[in-house]
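Data first, discussion second: the structure below is written as structure tokens.
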Amino acid sequence: MKVLRRHWLAAAVLVVLAVCGAAYMARPRLQAERFVTQHGAELEEQIQIGGTLPEDMDVTLWDGEHPMAEVILFAWGDTYYGCYYSPDGVPLPFQNTGLPLHEEKGGWSWATQGDNHGFTAQMEGNWYYFEASF
């Protein structure tokens, strides 16, 4: 009986660790940081020289006073998560809409009428994390 109980306990611990590990890996900011670590230098170079962007990545170039290259990593309902490269090193709202950003602890936020809002924060260099909800 004690052996069976130990096996169940060990299995339960493994399940808890697996669930916690999956939740940790799925955190949006960590995914954005991982993306920048793996692909940031390549994208940055292609953007700076006007080269061809990888077709297997969802990269959208947005013009404006300060251009940006935005990557949507995933969406959950009406909320989008990802990162963007700002060649000018300027924080920008989702899709470079020109909405004003309001500085707050850890980054900048924006909001429009209704419940449309978002957040952005600098990760490293000219790379930023973003969340946008509609």
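No experiment lies behind these values; they were computed from the predicted model shown.
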**OP:** With sequence neighbours left out, write down each residue that passes side-chain contact (heavy atoms from CB on, under 4.5 Å) with Thr37, or none if nothing qualifies.
**Re:** none
**OP:** State which residues pass side-chain contact (heavy atoms from CB on, under 4.5 Å) with Gln48; sequence neighbours excluded, sorted by chain then number.
**Re:** Glu44, Tyr85
Original post:
Can you tell me how far the CE atom of Met57 sits from the CD atom of Glu42, to the nearest 0.5 Å?
Top reply: 5.0 Å
Can you give each donor-acceptor pair under 3.5 Å made by side-chain atoms of residues 111-124, sequence neighbours left out, with the distance rounded to 0.1 Å?
residue, atom, partner, partner atom, Å
Thr112, OG1, Asn116, ND2, 3.4
His117, ND1, Asp115, O, 2.7
Thr120, OG1, Tyr84, OH, 2.8
Thr120, OG1, Tyr129, O, 2.8
Gln122, NE2, Gly125, O, 2.5

Nearest heavy-atom neighbours spanning [X] and [Y]:
{"X": "Cys83", "Y": "Val36", "value": "SG-CG2, 4.1 Å"}
{"X": "Pro28", "Y": "Phe74", "value": "CG-CZ, 3.7 Å"}
{"X": "Pro67", "Y": "Pro87", "value": "O-CD, 3.3 Å"}

Original post:
Considering residues at least two apart in sequence or located in another chain, which fulfil the salt bridge (Lys or Arg N to Asp or Glu O under 4.0 Å) criterion with Glu33?
Top reply: Arg29
All N/O donor-acceptor pairs, side-chain side in residues 91-106, below 3.5 Å, sequence neighbours left out:
residue, atom, partner, partner atom, Å
Asn96, ND2, Asp63, O, 3.2
Asn96, ND2, His66, O, 2.7
Glu104, OE1, Ser109, OG, 2.9

Subject >> Residue pairs passing the side-chain hydrogen bond (donor to acceptor under 3.5 Å, both in side chains) test where at least one lies in residues 69-78, sequence neighbours excluded >> reply: Trp62-Glu70
Original post:
Are Tyr128 and Met68 close enough that some pair of their side-chain heavy atoms sits under 4.5 Å apart?
Top reply: no
Side-chain heavy atoms nearer than 4.5 Å, only ILVMFWY residues, links allowed to pass through others: does that put [X] and [Y] together?
{"X": "Trp127", "Y": "Leu61", "answer": "yes"}
{"X": "Phe134", "Y": "Ile72", "answer": "yes"}
{"X": "Phe130", "Y": "Leu73", "answer": "no"}

**OP:** Could you tell me whether the side chain of Glu131 and the main chain of Tyr81 form a donor-acceptor pair under 3.5 Å?
**Re:** no
Original post:
Taking only residues two or more places apart in sequence or in another chain, which ones pass side chain to side chain donor-acceptor pair (under 3.5 Å) with Thr60?
Top reply: none
